[in-house]
Amino acid sequence: MSNNAGDFGLPPHAAKNKVTVEQRLEDAAAGGGLQETLTIEWRTKPQVVQVIDMPLDQLYYNPGTHRIRAQRSYDPQLDRRLDEDPWSIESQDYLNYLLKAEPSDPSKRDKDFDALKQSLSDFRQNEPGLITREGILVNGNTRAAALRELAVAEIRVAVLPDSCTWADINRVELSLQLRHDTRRPYSYINRLLTIDEQVEAGRPLREVARDFRIRESTAEQDLWVLSCLRDLSDRSTAEGVRLRLLDFEDAQERLREVHRAYAKESKSDVQKAELLKENRLAAIVMNFSKTDLRLIESDFRNRYLEHRLPEELKPVPAVAPGRVIPGINRAVKAEAPQVAAARAFTDSVLRAKAVVRAKEKVSAAQVEAASSVFDAAHKAVEAALEPAGKDARVRKRKQAAPDRLNDACQDIEQCITDMVLASGARSLDEEALDEAVLKLRATLKKLAQTTAQTIEVPGEGVEWLREAVQQEPS
């Protein structure tokens with residue numbers, strides 16, 4: 001295995017493992033019968049590699065695996081230790097723990113891991129893992145953790161070429177994890193981090209999106225979401241603690257909705273888009289549902305929330321002055337007061353949640369104070385959502401009739417196209433069409449009568465409808 005900048009180096013027993021691997025490869029090649037192989041993507045081309053059995057106690061978990069990238073922050077001290085010495089017993093034990101943990105809450109054991117363990121107990125390995133010649137697990141880290149719990153002595157693994165680098169390891173792991181098979185998919189946050197890592201490494205976004213089998217626009221959305229989450233994590237810092245990216249693991253659909261709404265609003269008004277984003281992100285931090293989020297628009301704070309907030313949740317944000325970009329002397333406007341107030345509210349909620357989540361690391365008094373702030377914010381938003389929901393239902397009822405007429409117009413336009421095609425093919429059922437037109441006439445008469453009962457000052461369209469029906473012979 002070749003060294004390259006930014007890698008994790010080699011494990012302490014790399015030389016010993018390499019001897020064992022090469023001996024077993026020779027034994028497999030010399031043996032008779034059909035040899036097991038695995039096809040991988042190696043430097044943009046398919047490559048067939050040999051499969052052997054290796055003692056589990058000689059293999060190392062990959063400290064760079066994307067599967068638990070976000071979860072590493074669960075214990076900051078062990079995370080730092082993992083960076084300092086990834087091959088120590090302490091670091092390898094931490095990786096072993098995270099591989100078995102629930103992605104959204106590493107304090108809990110993952111049910112999917114237990115299901116994998118049961119499957120391995122019942123059916124053994126369906127597919128081989130993948131290692132370097134130095135004994136680093138490139139693929140199959142979770143399976144190795146499960147087999148160790150089952151006290152299985154050896155694991156079937158394919159072996160990478162001797163020239164592999166850490167860049168190769170990352171690319172091969174990614175290509176294998178994204179195959180359509182029975183592997184557990186990356187958790188949401190780990191997928192975002194992997195996309196970002198690939199782009200930062202210089203790969204075109206289109207190419208990365210293709211590897212993940214998603215549209216380029218979806219990859220752009222994912223990068224936008226990750227940028228928001230990193231910003232929220234930074235803003236949550238309080239009392240020496242902060243929220244982690246993995247704390248947003250279960251917010252995938254809600255975050256995507258925020259992006260869609262933001263992108264749509266920003267086309268016409270950037271300030272309103274920023275207000276909408278801040279309002280909805282605060283609701284996500286407080287774990288409101290996707291349905292609730294849809295009720296939160298750019299005016300949510302002013303119309304429904306402001307007068308329901310307790311005074312301690314109405315911080316007066318410092319007014320940031322405008323600034324000038326050096327070199328081009330272009331002025332940049334200061335953040336609007338409404339946006340600054342919305343950000344200040346979100347910051348209060350973020351910091352309160354960070355302290356509550358880290359109750360083992362702060363004092364009881366700090367937890368109590370943070371809980372009070374968080375509960376007050378949640379109660380105020382919950383109360384504000386009620387009138388917002390009522391107004392949304394009223395708007396929907398007001399728009400229902402016009403929407404149905406617009407749909408009917410589209411159906412008639414399609415009918416015209418169908419008539420032309422049927423006439424050209426001499427397949428038009430004229431009698432059925434005549435019956436349908438008579439039904440349309442009767443329906444339009446009912447519509448005209450209803451408008452006479454409900455609309456006092458008719459517009460041009462309603463006037464036309466009434467006149468057309470009046471001119472109809474009895």
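Below, each value reflects all heavy atoms present in this structure, side chains not excepted, and no hydrogens, waters or symmetry copies. Just so you know, residue 1 is the first one in the sequence shown, and it goes up from there.
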Residue list, ring-ring contact (aromatic ring centres under 6.0 Å, His included) with [X], at least two apart or on another chain:
X: Tyr262; value: Trp224
X: His378; value: Phe288
X: Trp87; value: Tyr60

Please enumerate all residues that pass side chain to side chain donor-acceptor pair (under 3.5 Å) together with [X], with sequence neighbours excluded.
X: Ser88; answer: Ser91
X: Glu368; answer: none
X: Tyr94; answer: none
X: Ser289; answer: Asp292

Evaluation steps, side-chain contact (heavy atoms from CB on, under 4.5 Å), between Glu257 and Lys290: CA-CA 8 Å; Glu257 286 238 343; Lys290 184 166 65 173; 3.5 Å; yes
For [X], enumerate each residue passing the salt bridge (Lys or Arg N to Asp or Glu O under 4.0 Å) test, keeping only those at least two apart in sequence or located in another chain.
X: Glu26; result: none
X: Arg303; result: Asp299, Asp391
X: Arg230; result: Asp196
X: Asp75; result: none

Pairing residues for Pro204 by the side chain to side chain contact (heavy atoms under 4.5 Å, CB included) criterion, not counting sequence neighbours: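 Here the qualifying residues are Glu207.
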Side-chain ion pair, Lys353 and Asp247, N-O less than 4.0 Å: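 A salt bridge is absent here (no side-chain N lies under 4.0 Å from a carboxylate O).
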